[in-house]
2 protein chains.
Amino acid sequence: MALDDRKKKILQAVIEDYINTAEPVGSRSISKRSELNLSAATIRNEMGDLEEMGLLVQPHTSAGRVPSAQGYRLYVNDMMMKYEITANEMESMRLAMQNKINELDKIICDIASAFAKLTNLPVIGALPTAESGVVSNIKLVKCDEMTIMVIISDRSGIIKNKVLRLDYSISDEELLRLNNILNENLTGLTKNEIGFGNIMEVQNALGGNGDVFHSVLELVHSAVSEIDTKQIFVEGLSNIFRFPEYSDVDKIKVIFNALENKENLGKIVGTMQNLNSVKVLIGDEIPVEELKENSVILAPYRVSSTLTGIIGIIGPARMDYSKVISILEYFSGQMSTELAHNFGKELLITEGEENNG
Amino acid sequence: MALDDRKKKILQAVIEDYINTAEPVGSRSISKRSELNLSAATIRNEMGDLEEMGLLVQPHTSAGRVPSAQGYRLYVNDMMMKYEITANEMESMRLAMQNKINELDKIICDIASAFAKLTNLPVIGALPTAESGVVSNIKLVKCDEMTIMVIISDRSGIIKNKVLRLDYSISDEELLRLNNILNENLTGLTKNEIGFGNIMEVQNALGGNGDVFHSVLELVHSAVSEIDTKQIFVEGLSNIFRFPEYSDVDKIKVIFNALENKENLGKIVGTMQNLNSVKVLIGDEIPVEELKENSVILAPYRVSSTLTGIIGIIGPARMDYSKVISILEYFSGQMSTELAHNFGKELLITEGEENNG
DNA sequence: GTTAGCACTCACTCGTGTTGAGTGCTAATC
DNA sequence: GATTAGCACTCAACACGAGTGAGTGCTAAC
């Protein structure tokens, strides 16, 4: 059966109606609302065809029609009207980006929060990570007599640090020596290349008193291994309470449990291979069993040439794809220029925080 | 009316029954279950008295009785049996404390998570903060030509750091000078004493090119102001799905929204004045309107002589006070010795993390 | 003071009837 | 041949009422 123009228009009308109302759409309401000027009976025949084609579904015999995942997919790919972002929406995104605190992770979280407000959907994403992960510099700094901080920079500018309180005092000379040996052995290597083997090498290079530095080396190792680990975040999770599809405790429970699991989030964010365009996952396309009744929309963002992250939303398959995609596209496009413009090179990033007793 | 021994026993039986079943408790079940050997009619009379005294409440005329907040309070203060922690429970707490990663914040979160599992309740708390907050040392470290890290230590050992990427290169001499001036002006002051006034003083002391360092100084200021800010956490929030009192989406919504708000959590944690013993908040005693149907149990923990934190649980007023209090007391008592024992002075604390593009 | 007995209350459950939005099919109309 | 009006049919949702059972309070007997 061919999907002619009239069928397309009816499908579109059904989907848009359903997105707004969350109620199965009947032939009469389409007949009245649309500019097709067809009777309900005709619409009914066409809807029957659309169902046969797998684009619509009937929850039960005497109910209206609901779009199938396939229907949504067709809508997203071919039929959707472009949503024009309003001045208000632009303004709130601009405000979020213009955060005066100037810390990248916080800006991202603020933007995510603004997203959640604009779209009324939970926002998920990954903080910016470097593509390379090549260690460019290791620095050991003495905070006080028995406390040292390890600072590791990678070539893209990511900096990680960890604090260690020792039970012995380390001399400036020893620290300098350790510093040099670490840099000699580890600089230029990627995270994957640095394993316990290298750490042992350093320990051997240190000679007799290598043991003493064991805890320092362990620390360096753990800091290195975290350098390009994706940090995943969720914002505005409570937005799911807005949707009638989650008016049931059991369903809320399922989605909360699913989204509480970082592994699941990693799987979802991990579907983003091509870091150039917005990606829409509908139903079965979501790699987490419990979330297959939802849709996910992901967008990449680029803070610098080497520093990229992912942001997106998750919600019921019935969602305002057009609006969400536009907002994500806008963000994806504006991110680098906007941030570069606002912060220039004075881009201050994340705060670290150490308690130490 | 006097609360004689028999009334006490009946009240206790009602409360314990209700804690287990979440169903209003009838006279007949008390008559059968308890060792009082009284008929249902007698129990009925006594329960009527207990209701008159405000210790029990009847949801509706023909229902059994439910403890009132006042009833719970009496139970907690006077009547509760001490719960003996099982070997299993001790073991899981010990395991959480023996975390090999050796980072204090992570250990606290792990313990919180273990708590959540043991008690089947959401856990809230504050990460350790220092009581003094006196700045003992400020250090500016050059990560690369245009990136510096500010490291601020306080007298109790808390270390905070922030990273700044400059749009100009700073010389080692300038950095040293800035370092010295900062330490001269700010060391020994508490967080409250350091305001923008001091920062301006430093800027003046720097002379003509003070402007150039403005962003560095802003950064120092923000790091200082965070040095004794309480970081509040929630673990195992999804435990509330277990309770029949939250089988309704609206109620879940309310508690989620209330607990999502850090300000509310701050208020709750802030009720903990005396840092020596477990505190129980029942019903109206909770300083957040939306949570007044719940109970909160808080305990202090002490990592070192100056470093203290708070951990606790929140849940429906119907909860196993005895068990929760025991577990929190155990934790509160074991924390310092256990941590001191396991980590000695090699107590490594929190990791920081900076991206920087 | 305690208890047995009884009338009463009230949430809850379950079956039934009604309603209304929706369908599919058929026959008439354009 | 496409469109539409009409009609019988379906089925979730809602309201209503009877029945059930766990509970109560009160009273009179023990």
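Please read all numbers here as calculations on a predicted model, not as lab measurements.
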Chemist: Does a side-chain N-to-carboxylate-O contact under 4.0 Å join B/R73 and B/E285?
Modeler: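 The answer is yes: the pair qualifies as a salt bridge.
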Chemist: Separation of B/I30 atom CD1 from D/dT24 atom C1', in whole Å?
Modeler: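 So the CD1-C1' distance, B/I30 to D/dT24, works out to 15 Å.
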Chemist: Do the side chains of B/R65 and B/E51 get close enough for a salt bridge, i.e. N-O under 4.0 angstrom?
Modeler: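 So B/R65 pairs with B/E51 through a salt bridge.
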Chemist: Taking atom P of D/dA2 as reference, at what distance in whole Å does atom CD1 of A/I10 sit?
Modeler: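 So the two atoms are 14 Å apart, to the nearest Å.
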Chemist: Just to be sure I understand the rule, does B/T61 reach a base, reach only the sugar-phosphate, or reach nothing, if contact means heavy atoms closer than 4.0 Å?
Modeler: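 Counting heavy atoms under 4.0 Å across all strands, the contact made by B/T61 is with sugar-phosphate only.
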Chemist: Can you tell me which nucleotide in D/dT4, C/dG22, D/dC26 comes closest to the side chain of B/R44?
Modeler: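 Shortest atom-to-atom distance from the side chain points to D/dC26.
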Chemist: In whole Å, I'd like the distance from the CG atom of A/L56 to the P atom of C/dT23.
Modeler: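 So the two atoms are 11 Å apart, to the nearest Å.
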Chemist: Hey, does the side chain of B/S39 come within less than 4.0 Å of C/dT2's phosphate (OP1/OP2), counting only N and O?
Modeler: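 Checking C/dT2 against B/S39, no side-chain N or O comes under 4.0 Å of OP1 or OP2.
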Chemist: On DNA chain C, check which nucleotide each of B/P59 and B/N37 is closest to and give me the residue with the more 5' one.
Modeler: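 Looking at the nearest nucleotide for each, B/N37 comes out on the 5' side.
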Chemist: Without decimals, in angstroms, what is the distance between A/D17 CG and C/dA21 P?
Modeler: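 Distance, rounded to whole Å: 15 Å.
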Chemist: Return the nearest nucleotide to the side chain of B/N45; candidates are C/dT3, D/dT4, D/dT24.
Modeler: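 The listed nucleotide nearest to B/N45's side chain is C/dT3.
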Chemist: Between P on C/dG24 and CG on A/L50, what's the gap in Å once rounded to a whole number?
Modeler: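 Answer to the nearest Å: 12 Å.
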Chemist: Ignoring the backbone of A/Q58, work out which of D/dT24, C/dA4, C/dT23 is nearest its side chain.
Modeler: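 Closest nucleotide to the A/Q58 side chain: C/dT23.
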Chemist: Without decimals, in angstroms, what is the distance between A/M47 CE and C/dA21 P?
Modeler: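 After rounding, the gap between these two atoms is 16 Å.
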Chemist: Output the single nucleotide from D/dT24, C/dA4, C/dC10 whose closest atom is nearest the side chain of B/H60.
Modeler: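 Looking only at heavy atoms from C-beta outward on B/H60, the closest nucleotide is C/dC10.
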Chemist: Checking the side chain of A/S29 only, and the main-chain atoms of A/V25 only, is there a donor and an acceptor separated by less than 3.5 Å?
Modeler: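 No, A/S29 side chain to A/V25 backbone: no donor-acceptor pair under 3.5 Å.
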Chemist: Between A/E329 and A/K82, is there a salt bridge with N-O shorter than 4.0 Å?
Modeler: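 Yes, charged N to carboxylate O under 4.0 Å.
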Chemist: Rounded to the nearest angstrom, tell me the gap between atom CD in A/E46 and atom C1' in C/dT23.
Modeler: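 So the two atoms are 16 Å apart, to the nearest Å.
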Chemist: Send over the distance from A/D49 CG to C/dC25 P, rounded to a whole Å.
Modeler: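 After rounding, the gap between these two atoms is 12 Å.
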Chemist: Give a yes/no on whether any side-chain N or O of A/R65 is located under 4.0 angstrom from OP1 or OP2 of C/dA21.
Modeler: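 For C/dA21, neither OP1 nor OP2 has a side-chain N or O of A/R65 closer than 4.0 Å.
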Chemist: To the side chain of B/S62, which of D/dT24, D/dT4, C/dC10 is closest?
Modeler: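 Out of D/dT24, D/dT4, C/dC10, the nucleotide with an atom closest to B/S62's side chain is C/dC10.
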Chemist: Are the side chain of B/S322 and the backbone of B/Y83 linked by a donor-acceptor contact shorter than 3.5 Å?
Modeler: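 Side chain of B/S322 to backbone of B/Y83, a donor-acceptor pair under 3.5 Å: yes, one is there.
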Chemist: NA contact type, A/A63, heavy-atom cut-off 4.0 Å: base, sugar-phosphate, or nothing?
Modeler: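 A/A63: backbone/sugar contact only, no base atoms under 4.0 Å.
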Chemist: Examine D/dT3: is either OP1 or OP2 under 4.0 Å from a nitrogen or oxygen in the side chain of A/R6? Give yes or no.
Modeler: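 A/R6 to D/dT3 OP1/OP2: side-chain N or O found under 4.0 Å.
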